[in-house]
Amino acid sequence: MSDGPTRQAVIREVAYYAGEPNTRPESARTISPLQTAVAEFGEDVFSWRAMRERLPKSVWKAFEKTIEHHAPLDHALADTIAAAMKDWAIERGATHYTHWFQPLTGGTAEKHDSFMHPDGQGDAISAFSGDLLVQGEPDASSFPSGGLRQTFEARGYTAWDPTSPVFINRSADNAVLCIPTAFVSYTGEALDQKTPLLRSMDALSAQALRVLKFFGSDLGVTRVFTTAGTEQEYFLIDRRYYLSRPDLMLCGRTLLGAASPKDQQLEDHYFGSIPDRVLSFMAAVETELARMGVPVKTRHNEVAPGQFELAPVFENSNIACDHQQLIMHVLKKQAPRFGLQCLLHEKPFAGVNGSGKHNNWSMATNTGINLLDPQDETHSNMQFLVFLCAVIQAVDMHGDVLRASIASANNDHRLGANEAPPAIISIFLGEMLSDIIEQLETGAPGHTKKVGKLDLGAMTLPMIPRHSGDRNRTSPFAFTGNKFEVRAVGSSQSVAWPNTVLNTIVAESLNDIVGQLEHEAGPKPTRDKMEAAVRKVLKQVIKKHKRIVFDGDNYSADWHKEAESRGLPNLKNTVEALEALNTESTRALFNRHNVLTPIELESRFDTYREQYTKHITIEARTLLQLARTLVNPAALRHQSDLAEAVAGAEAAGVACETLRQVLEEFCDLADRFHESIADLDAKLVEALSAPHAEQHKRIHALVIPAMADLRELADELEAHVADDLWPLPKYREMLFVR
C-alpha cells in the first residue's frame, strides 16, 4: 500500500463502485438468468445424448457399456468418438483441446493443444485422433509426487476418463474442449485425485454387489455407485480490498486484523436478503455452470457477513468431484466481473465462521435404488441395516484415516469452531435410527418410531410432516434422511480424496460383514437363516462399534471428555492427523482394495506434510513482511504523533500525565511488537533447519504459536493507531461493503 493509493482512497472508490447498478450488456437482461440457464443447460457438454446422436449406433452401443457398466474402453472406437467430439467442439467455437486433470495440488491442470494441423501443402486442417483423445503426455516433474518422481524424470501420462463427460470451458475470446483424465507417472503410479477415486468406487461396488446378491436383490444390478452432493461455502469481498491486502492475495486469509464491533453476533446475515451485486454474481455463476452441465440447486447467505453458499444436486461421485472443481473455478472466475473477489479459504477472517464443504454421500445401484434409503418400516429393512452398520463400523475402525482426509493447514483454523464440526470423528443417526440400533443390539428390532405431523397452531397453516429425526449441525458425520453428510471437509479442498477414503473404508467394512453373513447363513440359505444371520452379525457389529454414535452436542466440553473415555481419537491438527496415513494397517487397507499401493500412499503422506510446511512458511514470511513494512511504519507514525502532542503540551506548560501515560503504554506495545517480529523470524529459521521429514512438526510447534503472538500484538496496535494511518482495509470494511 505504501506505493499505491491510501486506504481511505480505496474505501471511497469501493463505496462508489459498490453502489453502481449492474453493468451487464442489455442483451443479457432480456431474459432472466434462470431462463438462460435452463435454455442453455448442458450446451457446452458433450453429453451422452449428444454422443448418441452423433455416433454410429454400433459405436454408441459399445461405448454405452463403458459408461453404464464401467466396462473397459474398446480402443477401436476411439477414432470415431474423437472425430465426433472434435466436430461438436469446433461447431461451438473451440480451437483447442486439453486433457483436464487433477494433480495433488488440490486444483486442476491443463495444457492446451490446437485442433489445427499443417497438411504439408501450405494449409492447415483440423485433426484430432483417437490416440490424442485417449492419452496425453504432460510434464510430470513439477507436480507434487511425494518422491515418486525426481525432477529429471519428467514423463507422465494422462488417460481419458470416459465416464465423466467432456465440456467446453469459455473465456472472453477463447473456447477450449476439456477432456477429464487421470494422471499417472511414467511407471504407472497415480499422481492425481481421480485415479484412486475411480479405484475406490470399483472396490465399493464389488463388495456392495455381494450384499445385494446375499439378499437376492441384485436382479438387473451390475454396478453400485457412490453419489455425492457437495455444498460449497465461500466469502465475497470487494476486489479492491483484496488487492490492498497482501495476505489475502498470497495466503487466501487475513493474517492480522482486529475484530469488527459488529460481525455475526445478531445472526442477521444468515438466509437474509441477498445483496443485488451478489445476486447478479450468483446468477452469472449458475448460468456458466449450467452450460457446462453442473446442476446448481440452491443459493443463500451463510452465517458470517460476506459469506454465501451454493449447492448442486446429487451425482455419481466421480462426476460430482469433477463438477466441484468446476464450481470453485467458476466462482473465482466470475467474481472479478462484478468487482468482487471470491475467497475459498476455510478461515479468511478470524473470529467469524469459516467455510466448509458439506459432502453428502450415499450409495446407489445402476438401476436407481438408493441403498441408504431407510424406507417406511426401517426396522424390517435388513438390507438397509447392513449398509448402515457397515458405515458405522467403517467410521469407527478408520475414523483416523477419515480425519486425515480432511486435514490441511487451512482447515485447522476451522475445525471445532462455531458451525464447524470438531476434530473428533463421530456419527449422528437421529432418534429413529438410534432407537433401531438399540433394538438390534438387544435382539430383533420390532418397530420403527413414528413421528407423525406437526400442528402449527394456526387454522390457516397446514399440518406438516415431521422427519424421522432431527439434524445435528455439530456432527462431523451425520445421517440426514437417505445419505450421510460429511461436514468436516474444507471449503478449498478437492472432495475426491475424502470420497476416496470413505469409499475404501466402507468397502473394507462391507467385505467383512458380508463375509460373516455368508458364513453364518451357509450356502443357499432360507429366508429365516438369512434374517438370523443378519441379526447375529449386526448385533456384534453394534456392540463393538456403537461408541462412534453420538447424537448430542459435539461442541460441548463434556463430549470431548466422553469421547476420550470411549477411546475415540481427537486429532486436533494436521500434523497429528496425517500420521494415520503412515501406518502399516492403512497401507494394507488401501492396497487390499487396489486403491493405492503402499508407495502411492506414502507419496501422498509425503506430499501432504510438505504442503503443510510450505503453506505455513508462506504465511509466516508474508506476516513478517506485513509487520515490518506496513504495520510497523504506521505504528511509528502514530507514536511520533503522540510524542509531538506530549512535547507540545509540556512546552505550553499544560499538564498531560494521562497523555504521557498513553504514549508510554503505546511505546511498550510497539516494543513488544518488535520483539515478536524477531521471535517469529528466529522460530521460522529454526523450524526450517530441521530435517525435511521433521519440518512440518517443527513448523507446528514453533512457528504457528509465534504467528499467533505476533498477530495478537498487531491487532492490538490496529485498535490504537489512528484510523487515517492504518494501511490495510479493516474487517468492518471488508465484511460489510456489498
Side-chain angles (χ1 to χ4, degrees), residues 106 233 253 303 345-347 350-359 361 391-392 394-428 472-479 484-495 497-502 505 545 547-583 586 604-605 608-609 611-613 615-616 696-697 699-701 703-705 707-708:
E233 296 173 344
R253 75 179 182 100
V303 174
H345 193 286
E346 283 71 5
K347 200 78 170 180
V352 299
N353 276 15
S355 294
K357 186 143 48 188
H358 301 169
N359 186 79
W361 178 92
V391 175
I392 292 172
V395 175
D396 184 37
M397 292 186 67
H398 305 289
D400 57 343
V401 186
L402 190 61
R403 168 69 179 90
S405 75
I406 50 90
S408 71
N410 291 356
N411 219 10
D412 280 356
H413 295 286
R414 168 180 166 264
L415 293 181
N418 190 28
E419 271 293 304
I424 304 169
I425 300 296
S426 65
I427 294 178
F428 168 81
N472 188 330
R473 306 303 291 174
T474 70
S475 175
F477 198 97
F479 189 81
F484 280 99
E485 183 182 30
V486 188
R487 301 188 65 251
V489 182
S491 54
S492 66
Q493 181 180 7
S494 165
V495 294
W497 179 228
N499 278 285
T500 297
V501 169
L502 186 52
I505 65 176
H545 301 291
R547 65 173 187 163
I548 199 70
V549 177
F550 178 67
D551 287 355
D553 182 2
N554 288 253
Y555 292 163
S556 69
D558 289 342
W559 164 236
H560 285 241
K561 295 177 184 177
E562 184 179 338
E564 184 177 2
S565 69
R566 293 187 184 191
L568 298 179
N570 184 4
L571 305 174
K572 298 178 181 179
N573 55 68
T574 294
V575 171
E576 293 179 10
L578 288 181
E579 289 300 319
L581 303 180
N582 192 34
T583 67
T586 303
R604 276 157 174 73
F605 171 67
Y608 295 147
R609 67 180 180 180
Q611 286 174 342
Y612 180 87
T613 298
H615 193 99
I616 303 300
H696 66 302
K697 296 179 182 178
I699 283 282
H700 177 263
V703 176
I704 289 180
M707 289 177 64

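It should be emphasised that the depicted structure is a prediction, and the values quoted were computed from it without experimental measurement.
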Can any side-chain N or O of [X] pair as donor or acceptor with the backbone N or O of [Y] at less than 3.5 Å?
X: N499; Y: N359; answer: no
X: K347; Y: V352; answer: yes
X: R403; Y: L571; answer: yes
X: T613; Y: R609; answer: yes
X: Q611; Y: S408; answer: no
X: E233; Y: G356; answer: yes

For the student: nearest non-hydrogen atoms of [X] and [Y], plus distance:
X: V489; Y: N411; answer: C-ND2, 4.1 Å
X: P498; Y: S494; answer: CD-O, 3.4 Å
X: E579; Y: V575; answer: CG-O, 3.7 Å
X: A407; Y: T574; answer: C-OG1, 3.6 Å
X: S355; Y: S491; answer: O-OG, 3.1 Å

About how many Å separate [atom2] of [Y] and [atom1] of [X], when rounded to the nearest 0.5 Å?
X: R566; Y: K561; atom1: CZ; atom2: NZ; value: 15.5 Å
X: L568; Y: I425; atom1: CG; atom2: CD1; value: 10.0 Å
X: E485; Y: F477; atom1: CD; atom2: CZ; value: 10.5 Å
X: T586; Y: D400; atom1: OG1; atom2: CG; value: 6.0 Å
X: I616; Y: D412; atom1: CD1; atom2: CG; value: 7.5 Å
X: S405; Y: H398; atom1: OG; atom2: NE2; value: 13.0 Å

Do E346 and H413 get their side chains close enough for a donor-acceptor pair, meaning under 3.5 Å?
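E346 vs H413: no donor-acceptor pair found between side chains.
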
The test is side-chain contact (heavy atoms from CB on, under 4.5 Å); show your working for N554 and F428 and say whether it passes.
CA-CA 10 Å; N554 288 253; F428 168 81; 5.9 Å; no

One pair to check against side-chain contact (heavy atoms from CB on, under 4.5 Å): H560 and I424. What are the steps and the verdict?
CA-CA 8 Å; H560 285 241; I424 304 169; 3.8 Å; yes

Do [X] and [Y] have side chains that approach each other closer than 4.5 Å (heavy atoms only, starting at C-beta)?
X: I406; Y: L415; answer: yes
X: I392; Y: I548; answer: yes
X: L502; Y: F484; answer: no

Would H615 and N410 satisfy side-chain contact (heavy atoms from CB on, under 4.5 Å), going step by step from the backbone distance to the final call?
CA-CA 9 Å; H615 193 99; N410 291 356; 2.7 Å; yes

Would you please classify the geometry between the Y612 ring and the H700 ring as parallel, tilted or perpendicular, with 30° and 60° separating the classes?
tilted

Which word best sums up how the rings of W559 and F550 line up, parallel for under 30°, tilted for 30 to 60°, or perpendicular for over 60°?
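Geometry flag for F550 against W559: parallel rings.
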
Test side-chain contact (heavy atoms from CB on, under 4.5 Å) on D396 and R547 and set out the steps.
CA-CA 8 Å; D396 184 37; R547 65 173 187 163; 2.7 Å; yes

